[in-house]
Amino acid sequence: MRREIPLAITFLAGMFMLVDFFVPHHRVSAAGEELKQWGTIVIAASILLGIGNLIRVHSKKIARRQSGWGFSLVCLSVMAVMLWFGMWPGAKLGPNPLVGSIAQGSYFNWMYLNMDVPLQGTMFSLLAFFIASAAYRAFRLRSPEASLLLISAIVVMLGRVPLGQLLTKGLPEKATLPWLTEAIMTYPNMAAFRGILMGAALGVMAMGLRIILGIERSYLGGEK
Amino acid sequence: MNWLQELFTGAPGTPPSAVWGTWVAGLLTLAIYSFLYKDNPVYRFAESLFVGVGAAYWLAILYHNTLVPKLFVPLFFPPEGQPVLWYRVFPGVLAAFMLLRFFPKLSWLSRWSLGFVVGMYAAVNTTGFAQGDLVAQIHATVTTPLTSGGGLVIALNAAAIVGVIATLIYFFFSKEHRGPVGAAARLGIWFLMVAFGASFGYTVMGRVSLLIGRMTFLLRDWLHLMQ
Amino acid sequence: MAGFDLRQIDRRVIFTLIFVVVAWPLLRPMRLPMDVTPPVQRLYEAVEAVPPGSIVMLAGDYSPDTMPELQPMVISFVRHAFRRDLKIVTTSLWANSPPLIEDALAPLAAEFGKTYGVDFVNLGYMAGGTVTLLGMGASIPNTFPQDYYGTPVAGLPLMREVTNFDDIALVMNVSSGTPGTREWVQQVQGRYRVRLASGTTAVAAPPFYPYVQSGQLVGLLGGLKGAAEYEMLVDAPGDAVRGMDAQSIVHALIVFFILLGNVAYFAERRAQRARGGAAQREVTA
Amino acid sequence: MRALLPALSLSVSVLLALFPPAGRAADAPLSEVVRETAAPAAVTGLQARDYLDNNDRGDKIELSWCLSADDGAGALSVLEYRVWRSQAPDEQGELVATLEPGTAAHVDTGVTPGVAYYYRVEAFDGALSSPAATAGPAVGRINLFQTSRLPVLVLSLAFFAMVIWFTRLAARGTNLFVRRIPGLNAVEEAVGRATEMGRPVLYVPGIGEIDDIQTIASLTILSHVAKIAAEYETPLIVPTARSVVMSAAEEVVKEAYAEAGHPDNYNPDNIRYLSDAQFAFAGAVSGIMMRERPAANLYLGAFWAESLLFAETGFETKAIQVAGTANVSQLPFFVTACDYTLLGEELYAASAYLSREPKLLGGLKGSDWMKVITICIIVAGVVLTALGVPQFGRWFFTQ
C-alpha cells in the first residue's frame, strides 16, 4: 500500500490534467482551476523541504564540529536574523514596518538588496574570467566539427557587438558581421535548435507517459 | 576632498542606510572576487553568507506570497463576505505530508504529496511540450515561406528546413550512420556545430555582461568613479 | 619550444587583463555605433501596437545573478509601457524577482506620475512554476489573491479589470532560466492565445530562435545587446548601452585569446611531429 | 486617462449645446437643434450567438450590431453603448457592459453554459438612451473537446502507442536494434589509455540531483565504466556534489566491481562527496586533477557553468577527456575542449544501449520512429504547400 496509493494519486492527478487540456467543459475547468491552486501549495511545501534540508546539514556540521563548521554557523545565524526581520509576526507596528515585512524599505529588503543581490551577481560574474582563461588555454580547433563551431562562435561574438559593425563598415550589407550573425541565428541556429527541441519534447513526453502509468517510479525513492 | 566625502555620505540626499548598504555590497563583491586569486576564508565566509541569506529570503517570501494568501487566509482568515475555502485543507494536508520526510518513521507519507506533484507536472509538461515544442514546430517548419522574400531568403529558408530534418536524423538511433542516413547525419552535425558556435558566442556575451554589471556597480555606485 | 612558453602564462595575468579591459571603457566611454536587430525591432513594434489604456503583463522570472542583463530590459519595457499609457501587472514565478521589479517600477512610476493599484500592480511571487501559469490561465485573481505587499487584489482597482489572459494585451516575459520563457510559450502562449514577447539572458537566447520564427514569440531581446538596442528604441540609453563598449573590447580580447591559444597549440603539435613524437608524448609530458 | 475622455467629450457636447458656435447655428437646419433633446438613434441588426470557438468553456456569447446612426456623427454623438442581459425576453436584466463609441461587437464572458439569454443594446448620449435593440435567445454551447488541439492528441497518441509497443517488445526480450554510440568507444579507449599509463580514471556524474534523468543516465554509464576499470585494475575516482548521488554511485561502483569479479579492488575512498556549492565543487575537482593526475576525465551528466573549469583544468593536465550532457548551453565548451562529446540525447541513448532496460529502450525506439513520422509530415507538408495545397500544413496550427 505504501507504493500503490502514491502511484494511484500520480495517475489520477496526471490523467485529470491531461483531460483538462483537451476538454473545455466548464465543470472540468472549474475543478482543474482549484486543483492547480492546490498544486502551488504542495509545491511550496517541497521548496520548504529543500530549506529544511539545508538547516539540517549545517546544524549537523556544527554539532559534530566538522571542518568548516564555523562557516555553517555564519550561514545559520545570518539566516535566523533575516528570517526574524522578514517574518516576525508581532511586529506590524506602523504603516511601514521595518520588521516583519518584506516591503521596500524594510530591514529584510535592505538585506536582500545589499547582501543577496551583490553576492549572487558577483558569483556568476566570476565566469567571465574563467571563460577568458579557457579561451586561451582550452578552446581548440581539434577537429573539423570544433573548427566549424569556433568559426561560428567568433563571427557571432564579433557580430553581436558594436565593434563588429565598425570592423565591416563600408562592405556590402550581406557581407557585414552583424548581417552574418543574424543570418546564423535565424537559419542554421534556428534549424538545429528546432530539431533539438522536437527530440527533447519526445523525451519529456515519453517520461510523462511512464510516470503517469506508474512504469517510472524512481522519484518515489529506493526502498520498497 | 569632495570625492572622498561622497564615498562615505553618498550623493546629496542619499539616506545613510543606502550608503551603508552600498559599502556592504561593495565589500562582499570584493570578497567573492578574492576567489580569483585563490580559495580563501574570506571567500568562504561570503559564500556561507550567500547561502544563508538566500535561504532566508526564499522562506520569507514563500510564506508571505504563497502560503499566506493561498492557504492560511482562505482557511483561517477569509476576507469579509467570503466563505472559508474548507477544501484547501486537502492541499494543506499534502503539504504537511511533504514535510514528514524529516521523520523517517512517517516519511512514506510524503510520497502521497510527491505523487500528486509529480503526476501533475508530468501531465502538464507532456501537453505543453507536445503543443509548443512538437506540433507548433512542425507547423512552423511546414509553413516556412518559400515563395516570397527574394532568392537569398528563399534559399536560406529551404536550408533551414533541410537543417531541421538533418538534425532529427542525427539523433536517430535505430540505424547505423552509413550510406544516405550517414550523409544526412553528417549534415546534421554541421548544423549542430554552427548552432553550438552561436550558443558559445552568446554564452561568452552573457558572462561578460554580468562582469560589466558588477564593475558598473563597483566603479559607479560604490566608488563614484563613473560619470 | 625554447625560451618563453606562451602556455605558461598564469591565469591571474589573464584575470587582471580582463579586469582592466572591462573597467577602462566604463571610465572612458567611446560610444561605438549600434544598429537594431530584427527580433528587437519586432518586440518594440508589438508593444507599439497595443492600444493605449490596455493592460500588459510583465512576468519577471529572474534573479540577481543575471540582473545586469535583464534589469535594463525591465526598465525599458516599463518606460515604454508607461509612456504609451499602458497599465502594467507584474507577476513572478521566481522568488527572487519581485523586489527587483519593484526597484525598476518605483522610480519610473514617479517619473510618469503613475499610481499604484490603478496604473500598475506588483502581484509578487507565486510558487508552482508551470502549474501557476495554468492557474493564471483560469483566473489571475484566484492564482494571486494578494499582491506583493499582502493587499487583497479585490482592493486594487486595476485588478478588477483582470480575470485571465483574455484581458492582457501582451505578456513580456523576462527570464533567466526555468521556469521562464520556454514554459510561458508551452503553457500560456498556445493554450490561451497570448501575444508573448521575451527578454532573456544571452545564454538562454539561441534556443528560442525557433519560437521567434514560428511566431510563438512576437519578439526577443537576447542578452545585454538586446537590452541596449531596446534602450535605443525607447530613446533612453542606460546601463546596457553604457556597457556595450566594454562588451566589444572584451569580445575582441577573447577572440584574440582563442586565436593565440590555437597558434601555440598548432606550433607545439608541429614541433612534436618534427621531433617524431606521437600524440603519446603529448600525454606523458 | 480613459475615464477622462468621455467626461471631456461630455462637457464639450454640453457646451456646444448651450453655446452653439456662431457659424454652425446659422447653417444648421432647425430639425437638428431640436434633435439635441431627443434620444440617439437605436442600433440595428443586433445578433447574439454562441462564441464561435469550439474551444471555450461555453461561458461566452458573442454580440454584434450595426452602429447607431448618431455614432460619431455631428454633435449628437453616442457616448457609450450599454449591453443588458436577462433570462426572459421582455426583462431589462443586468447591465453587463458599457462600451465606447465605435464599438459594434462584444463578447459576453460571464454567462452560465447551457442557459438561454436575451440581450438588449442601447446607445446612450449622456442624457438619453436610444430604444433598445433586442436579440436572443442565445446559449453558450458546452464543448466537450478542444478541436483545435486535435493534432496534439493525434500525434501524442501515436507516439504513446509506439512507446508502449516497443517497451513491451523489449520486456519480452525481443532484440531491439540501437546503434552503438561512438562516444562509448571513446570512453572505453580513454579508460584503456589510463591503464597503459598506470594513472587513475576520473568520472564526474554532473552536479544534478539524483532525480535528474541525466544523473540517472550517467549512473548507468558509470556502471559500465566501473566494470572496465575493475577488469583493468585501474583506480576509478568519482567526485560528487550531492550526498544522495554519492550513495547511489557507491552502490553502482561496488556492484560493478563485484560483477567484474574483482570485489576486493573496490575502494570506497574513491567515491567522494566534495561540496554542494557549485564553485567549491569545481575547485575541489580541479584540485583532484592537479594532484592525482588522472589520465582520463569523463564528465557525463547534468553540468552547468562549472563545465568550463573542468574542461580547462583537464586540458592543462593533458588528460583524455570525454564529456556528455543534455544541458545545451554547456555543450560548446565541452566540444572545443574535450576529445569526444556526447551531444544531448546521445547521453540517454548511450544509457539505454548499455542497460537494455525495457522502459528506456521503449522510449528511445518510440522517439526514433516518431522522428521518422515528423520528417515525413514535414516533407509532405512542404511539398503539398508548394503544390498549392496548404490545408495539410495548416491543420497543425493549434492555437
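The sequence lines fix the lettering, A, B, ..., with proteins before strands; numbering per chain opens at 1.
For a residue to count as touching a neighbouring chain, one of its non-hydrogen atoms must lie under 4.5 Å from one of that chain's; by this rule D:L331 touches chain B with the side chain only. Only the side chain of B:V164 comes within less than 4.5 Å of a heavy atom of chain D; its backbone N, CA, C and O stay farther away. Of the atoms belonging to B:L168, heavy atoms from both backbone and side chain fall under 4.5 Å from chain D. There is no contact between B:F50 and chain D, counting heavy-atom distances below 4.5 Å. Interface residue B:T126: only side-chain heavy atoms are found under 4.5 Å from chain D. Using a 4.5 Å cut-off between heavy atoms, D:T336 touches chain B through its side chain atoms alone. If you measure heavy-atom distances from B:R44 to chain D, you find no contacts under 4.5 Å at all. At a 4.5 Å heavy-atom cutoff, the contact between B:E47 and chain D is made by side-chain atoms alone. Proximity to chain D is absent for every atom of B:Y202, based on heavy atoms less than 4.5 angstrom apart. For chain D, the nearby parts of B:S174 are the backbone and the side chain; heavy atoms of each come within less than 4.5 Å. D:A305 touches chain B through backbone and side chain together, each having a heavy atom under 4.5 Å away. When heavy atoms are compared at a cutoff of 4.5 Å, D:A380 does not approach chain B at all. Only the side chain of D:F160 has a heavy atom closer than 4.5 Å to any heavy atom of chain B.
Closest approach of D:R179 to B:K175, counting heavy atoms only: CD-O, 3.0 Å. For D:F279 against B:F35, the heavy-atom pair with the smallest separation is O-CZ, 4.3 Å.
Ranked by heavy-atom pairs under 4.5 Å with chain B, the list D:V328, D:V152, D:L308, D:D368 is led by D:D368. Counting heavy-atom pairs closer than 4.5 Å to chain D, the top residue among B:H177, B:Q137, B:R207 is B:H177. Chain B forms the most heavy-atom pairs under 4.5 Å with one residue out of D:V383, D:L343, D:I377, and that residue is D:L343.
Distance check, rounded to the nearest 0.5 Å: OG1 of D:T398 to CG of B:L134 gives 10.0 Å. To the nearest 0.5 Å, atom CD1 of residue B:I169 and atom NZ of residue D:K371 are 11.0 Å apart. Separating the CZ atom in D:R149 from the CD atom in B:Q131 is a distance of 5.5 Å, to the nearest 0.5 Å. Taking CZ of B:F129 as the start and OG of D:S156 as the end, the distance is 13.0 Å to the nearest 0.5 Å.
Checked options B:I165, B:V142, B:I161; the residue passing with D:V379 is B:I165 (criterion: side chain to side chain contact (heavy atoms under 4.5 Å, CB included)). For the side chain to side chain contact (heavy atoms under 4.5 Å, CB included) with B:V135, the lone residue among D:F397, D:W395, D:F396 that qualifies is D:F396.
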Derivation and outcome, side-chain hydrogen bond (donor to acceptor under 3.5 Å, both in side chains), residues B:Y170 and D:E345: CA-CA 10 Å; B:Y170 178 81; D:E345 280 181 72; over 6 Å; no
Working for side chain to side chain contact (heavy atoms under 4.5 Å, CB included), residues D:V335 and B:M193: CA-CA 9 Å; D:V335 171; B:M193 286 304 148; 3.9 Å; yes
Under the side chain to side chain contact (heavy atoms under 4.5 Å, CB included) rule, what do D:V382 and B:T144 come out as? Steps first, then yes or no, please. CA-CA 8 Å; D:V382 169; B:T144 304; over 6 Å; no
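Counting heavy atoms from C-beta outward, D:W369 and B:F172 have side chains that approach closer than 4.5 Å. Here the side chains of D:E346 and B:F173 are in contact, with some heavy-atom distance below 4.5 Å.
Other residues, nucleotides and ligands contribute only 12 or fewer heavy atoms inside 6.0 Å of the CZ atom of B:F90. Counting heavy-atom neighbours within 6.0 Å of D:R180 CZ, excluding the residue itself, gives a total above 12. Applying the 6.0 Å contact sphere to CZ of D:F392 captures more than 12 heavy atoms from other residues, nucleotides or ligands. Annotation for B:W58: atom CH2 does not count as buried by contact number, only 12 or fewer foreign heavy atoms lying within 6.0 Å. D:F177 CZ: more than 12 foreign heavy atoms inside a 6.0 Å radius.
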